[in-house]
Amino acid sequence: MAERYDFTAVEQKWQKYWDEHNTFVATEDRSKKKFYALVEFPYPSGAGMHVGHIKAYSGLEVVSRKRRLEGYNVMFPIGFDAYGLPTENTAIKTGVHPRQVTDNNIVKFSSQLKRVGFSFDWTRVVDTTQEDYYKWTQWIFLKLYENGLVFRDKTLVNYCPSCKVVLSNEDSQGGKCDICHSDIVQKDKEVWYLRITEYADKLLEGLKDVDYLPNIKLQQENWIGKSTGAFVNFSLKENDEKLRIYTTRPDTLYGVTFMVIAPEHPIIEKYRDSIANIDALDAYKEECAKKSEFERTQLVKDKTGVKIEGLTAINPITEKEIPVYVADYVMMGYGTGAIMAVPAHDTRDYDFAKKFGIDIIEVIKGGDISKEAYTGDGEMVNSGVLNGITNKKDAIEKMLEFLGEKGIGEKGVQYKMKDWAFNRQRYWGEPIPIVHCPECGIVPVPYDELPLTLPPVDNFQPGSDGESPLAKIDSFVNCKCPKCGHDAKRETDTMPQWAGSSWYFLRYCDPKNTEALASKEALDYWMPVDWYNGGMEHVTRHLIYSRFWHKFLYDIGAVNTEEPYAKRTAQGLILGPDGEKMSKSRGNTIDPNDVVDNYGADVLRLYVLFMGDYEQAAPWNDSSMKGCKRFLDRVWNLQDKVTDGEGFSKELTSLMHRTIKKVTEDIEAMKFNTAIAAMMGLLNEIDKAGKITREEYRALIMLLNPFAPHITEELYQVMNYGGVLNEQSWPTYEEALCAESTIEIAVQVNGKIKAKLNIPAAAEQDEVLKLAKADSEVAAAIDGKNIVKEIYVKGRLVNIVVK
RNA sequence: GCGGAUGUGGUGGAAUUGGCAGACACGUCAGACUUAGGAUCUGAUGCCAACGCGUGCAGGUUCAAGUCCUGUCAUCCGCACCA
């Protein structure tokens with residue numbers, strides 16, 4: 001009898017072996033075919049690893065191990081995205097420096113990752129908070145600056161009064177701070193922006209050439225939110241001002257009966273002296289500013305607004321005078337902050353017009369505008385030159401032409417995506433390498449002074465007005481202007497957490513390079529990433545930011561591929577045993593360490609892949625995991641059934657070849673659950689047969705290896721196959737042997753199953769039908785009836801239709 | 001409101017893309033071995049006493065529908081007054 005499997009000892013033994021033998025270190029042998037597998041590097045939080053991390057990494061872990069056995073030079077790196085607020089908050093709370101907190105957490109994470117036996121290349125670890133790393137983050141920033149993609153603007157920003165930081169739109173969705181969930185307020189602030197909108201079209205176009213899951217592409221497209229329409233200039237009656245608007249429906253221009261501008265629209269300030277009800281407008285503006293973005297978007301139904309007394313617009317087509325309103329359903333941040341309102345064909349304008357008693361003019365036939373706005377297509381009416389056109393596209397085109405001739409408008413494109421607010425008033429981030437000089441203005445830090453290091457501080461409490469803690473460090477702030485030598489001050493804001501993760505995949509290619517972010521040779525060989533897997537929550541922000549940086553680096557010749565990731569997939573969440581999202585507050589979290597202690601790393605790895613479709617969310621279930629434990633134990637105990645004599649029957653051999661085929665294909669399709677199920681099914685049949693040859697056993701062990709590497713390496717050694725498993729080759733199957741010689745088919749009469757039939761797989765229709773009709777049940781069912789139709793689906797079923 | 005996804009036994013989930021619904025696993029029941037069983041092994045297990053009925057619900061197409069079409073309900077996740 002085989003000894004009982006001691007998973008703790010065996011797992012430690014092989015982890016040590018892999019470590020000592022550099023088993024998973026990617027080689028620099030560039031004659032070999034490469035495979036670059038990337039998983040999202042973790043934020044090293046104090047809570048340690050989560051089972052979600054295990055699932056996220058296990059997918060490409062299996063693919064990577066398989067690829068190595070297939071002869072690829074695999075790079076499967078790991079690192080730490082270590083800048084960020086939680087660490088800083090821990091530091092504030094405990095008084096331990098963020099550097100120390102980060103280092104402790106990284107040590108903790110590393111040992112946890114190693115315990116699971118992931119085949120990461122530990123020689124390439126990157127840590128975004130190390131000087132030799134963020135030097136290049138700053139370098140990219142300076143390059144962006146040099147190329148006009150960094151600008152400074154004073155605008156209303158999302159400000160979190162609790163965290164005391166300015167947040168991007170992405171970090172403050174729903175009007176709540178992404179970190180502490182407090183309500184966001186709008187605040188005037190001078191901030192740094194990256195001109196990501198400049199790359200909007202390239203980011204959209206690039207999606208055509210990459211292999212991302214369709215819903216990931218869709219989310220990115222929606223995020224970028226390209227729309228085509230027209231800019232139209234409306235004249236004002238009282239002065240020479242042009243009120244410029246953006247519309248996607250220039251075809252409805254004849255139906256414009258009023259205009260609406262955002263409360264923050266500059267025209268109000270400009271003409272405040274000629275506005276009779278300026279007090280009312282000021283009051284309204286203040287009221288709007290107090291509303292959080294959340295409130296502002298919740299009260300969708302109830303439109304508010306104030307008519308401007310003293311500014312009247314002129315519809316450039318009809319030349320009729322129309323009123324101008326201020327209302328907060330128009331946003332300053334999209335388009336021009338002003339709209340032409342077509343109440344007959346836009347539900348928002350309709351609601352507003354009804355409430356304020358404004359004219360509603362139908363210009364598209366098909367609805368009943370006395371009841372509601374009609375947003376469908378139809379024949380143009382009341383529309384001068386457009387009358388009679390029934391096609392929206394034609395109407396738009398005609399109107400654009402008309403606007404062009406009259407010089408009052410032109411075709412335009414807008415994006416929902418906004419420029420990237422690129423600074424935080426926090427300590428634990430990359431310093432922005434900029435100097436403010438009273439003489440020269442904004443001056444970039446020279447490249448040879450990089451990295452601009454984060455000064456050591458004891459107090460990282462943010463300033464009361466949202467200033468960075470760095471502002472309090474005189475030795476950091478005070479400097480000489482690199483350009484004129486005059487006394488100057490450093491920028492004290494730091495970069496957002498997205499910065500470090502926007503290029504880490506490049507650094508993995510050449511992590512120790514001191515001359516460049518990575519050598520050209522390394523990038524030529526490794527890039528692009530062949531397969532990137534991560535969470536669905538990162539497919540817009542992180543994925544778009546990093547694609548933006550990469551495309552920029554491509555444009556300045558720093559990298560050699562237009563797109564960073566050839567393929568992107570996403571895993572589903574692991575839910576708590578109660579089916580709810582895992583969270584500390586719900587108390588339904590599972591600690592991977594406990595699982596490794598009690599069941600072993602192989603069981604943990606196997607279970608997170610077996611629990612359901614990889615891309616789908618699935619609840620954790622302890623007892624279900626035991627099935628995986630049993631399976632591995634049974635594979636171990638199969639040793640006792642190894643025979644020197646005859647092995648598998650013909651049928652079982654066929655099943656094994658089919659299993660090899662299935663596992664091989666399922667891994668590529670991320671159908672890990674069915675791959676494991678197939679191996680379980682094979683084991684069940686082997687157990688029934690009660691015997692297995694050494695070679696057959698070897699194939700099973702190889703097949704299982706990517707999923708459960710420790711037990712399979714051990715078995716390989718125990719069985720004396722020679723060498724170590726990870727230096728062997730992935731098992732192959734013979735297509736001819738996959739075919740079964742006899743198969744069972746169903747016999748239906750009028751679609752109802754009457755019998756099952758075992759027939760030779762090669763049997764032809766006539767033969768099968770003859771056999772089918774010979775069955776007593778079938779014969780009874782068709783007796784005395786007319787056979788209308790006979791269908792034979794090869795290898796599946798027979799259906800006899802009778803009347 | 002818009003967009004996306006999902007809905008299958010007591011549970012997690014499978015189903016050559018229109019061809020035997022429920023693979024695999026959990027759980028449950030029975031048996032074996034045991035001082036013992038929360039270990040292991042063997043067998044049974046969609047529902048119904050049965051004719052039969054069964055993939056959220058109602059229709060439709062088809063010899064044949066979990067899969068296609070039309071409508072509808074529910075849940076989850078994004079986005080949200082985007083002009």
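Worth saying up front: this structure is predicted, and the values here are computed from it rather than measured. Each chain gets a letter, A, B and so on, in the order the sequences are listed, and its residues count up from 1.
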A:S623 side chain: which of B:rA83, B:rG27, B:rC81 is closest?
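Minimum distance to the A:S623 side chain belongs to B:rG27.
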
Mind calculating the distance between [atom1] ([X]) and [atom2] ([N]) to the nearest angstrom?
X	N	atom1	atom2	value
A:N621	B:rG10	CG	C1'	12 Å
A:D578	B:rG12	CG	C1'	15 Å
A:L609	B:rA25	CG	C1'	14 Å
A:K754	B:rG52	NZ	C1'	11 Å
A:E615	B:rC76	CD	C1'	17 Å
A:K226	B:rA83	NZ	P	14 Å
A:L575	B:rG13	CG	C1'	14 Å
A:D666	B:rU16	CG	P	11 Å

State the syn/anti category of B:rU62 according to its glycosidic angle, syn meaning within 90° of 0.
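Base orientation: anti.
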
Where the chi angle of B:rG9 falls, syn if within 90° of 0 and anti if not
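The base of B:rG9 is oriented syn (glycosidic angle within 90° of 0).
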
What closest approach, in Å, do [X] and [Y] show between heavy atoms, and which atom pair accounts for it?
X	Y	result
A:F610	A:C628	CD2-SG, 3.9 Å
A:P577	A:I590	CG-CD1, 4.3 Å
A:Y246	A:G335	CB-CA, 4.2 Å

When the ring centroid of [X] is compared with that of [Y], is the distance short of 6.0 Å?
X	Y	result
A:F352	A:F258	yes
A:Y599	A:F7	no
A:F356	A:Y325	yes

Cation over ring face, A:R568 and A:Y212, 6.0 Å, 45°
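That pair does not qualify as a cation-pi contact.
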
Taking the six-membered ring of A:Y329 as reference, does the NZ or CZ atom of A:K303 fall below 6.0 Å from its centre and within a 45° cone about the axis?
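Ring-cation test returns yes.
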
Quick one: salt bridge (charged side-chain N to carboxylate O under 4.0 Å, His left out) partners of A:D359, sequence neighbours excluded?
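Result, salt bridge (charged side-chain N to carboxylate O under 4.0 Å, His left out) vs A:D359: none returned.
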
Report the residue from A:V306, A:I268, A:V326 that forms a side-chain contact (heavy atoms from CB on, under 4.5 Å) with A:P263.
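Of A:V306, A:I268, A:V326, side-chain contact (heavy atoms from CB on, under 4.5 Å) with A:P263 is met by A:V326 alone.
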
Please give the distance between the C1' atoms of B:rU55 and B:rG78 as a whole number of Å.
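Approximately 28 Å lies between the C1' atom of B:rU55 and that of B:rG78.
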
Roughly how far apart, to the nearest Å, are B:rA21 and B:rA65 at atom C1'?
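Comparing C1' positions in B:rA21 and B:rA65 gives a spacing of 11 Å.
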
Sequence neighbours excluded, every pair satisfying salt bridge (Lys or Arg N to Asp or Glu O under 4.0 Å) that has a member inside residues 610-620 of chain A
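For residues 610-620 of chain A, and leaving out neighbouring residues, the salt bridge (Lys or Arg N to Asp or Glu O under 4.0 Å) pairs sorted by first residue read A:D613-A:K671.
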
Pairs under 3.5 Å (N/O, protein and nucleotides 2-7 of chain B):
none

For the backbone of [Y] and the side chain of [X], can you confirm whether one donor and one acceptor N or O come within less than 3.5 Å of each other?
X	Y	value
A:N786	A:V788	no
A:D602	A:F707	no
A:T336	A:R244	yes

For RNA chain B, which ranges pair as stems of 3 or more consecutive Watson-Crick or G-U pairs, with both donor-acceptor distances under 3.5 Å?
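So far as stems of 3 or more pairs are concerned, RNA chain B shows B:1-7 with B:73-79, B:10-12 with B:24-26, B:27-32 with B:40-45, B:56-60 with B:68-72.
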
RNA chain B: 5'-proximal contact among A:N684 and A:G337 (nearest heavy atom)
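This one resolves to A:N684.
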
Nearest nucleotide by nearest heavy atom, which residue falls closer to the 5' end of RNA chain B, A:A678 or A:V801?
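Closest to the 5' end, via its nearest nucleotide, is A:A678.
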
How does each nucleotide of nucleotides 18-23 of chain B score, in 5' to 3' order, for protein heavy atoms under 4.0 Å: base (B), sugar-phosphate only (S), or none (-)?
-BBS-B

Base versus backbone protein contacts along nucleotides 34-42 of chain B [heavy-atom cut-off under 4.0 Å; B, S, -]
------SS-

Give one of base, sugar-phosphate or nothing for A:A617, where a contact means two heavy atoms less than 4.0 Å apart.
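Counting heavy atoms under 4.0 Å across all strands, the contact made by A:A617 is with sugar-phosphate only.
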
Are A:K773 and A:E767 close enough, and set up right, to give a salt bridge (Lys or Arg N to Asp or Glu O under 4.0 Å), and what steps lead you there?
CA-CA 10 Å; A:K773 286 174 194 165; A:E767 202 179 330; over 6 Å; no

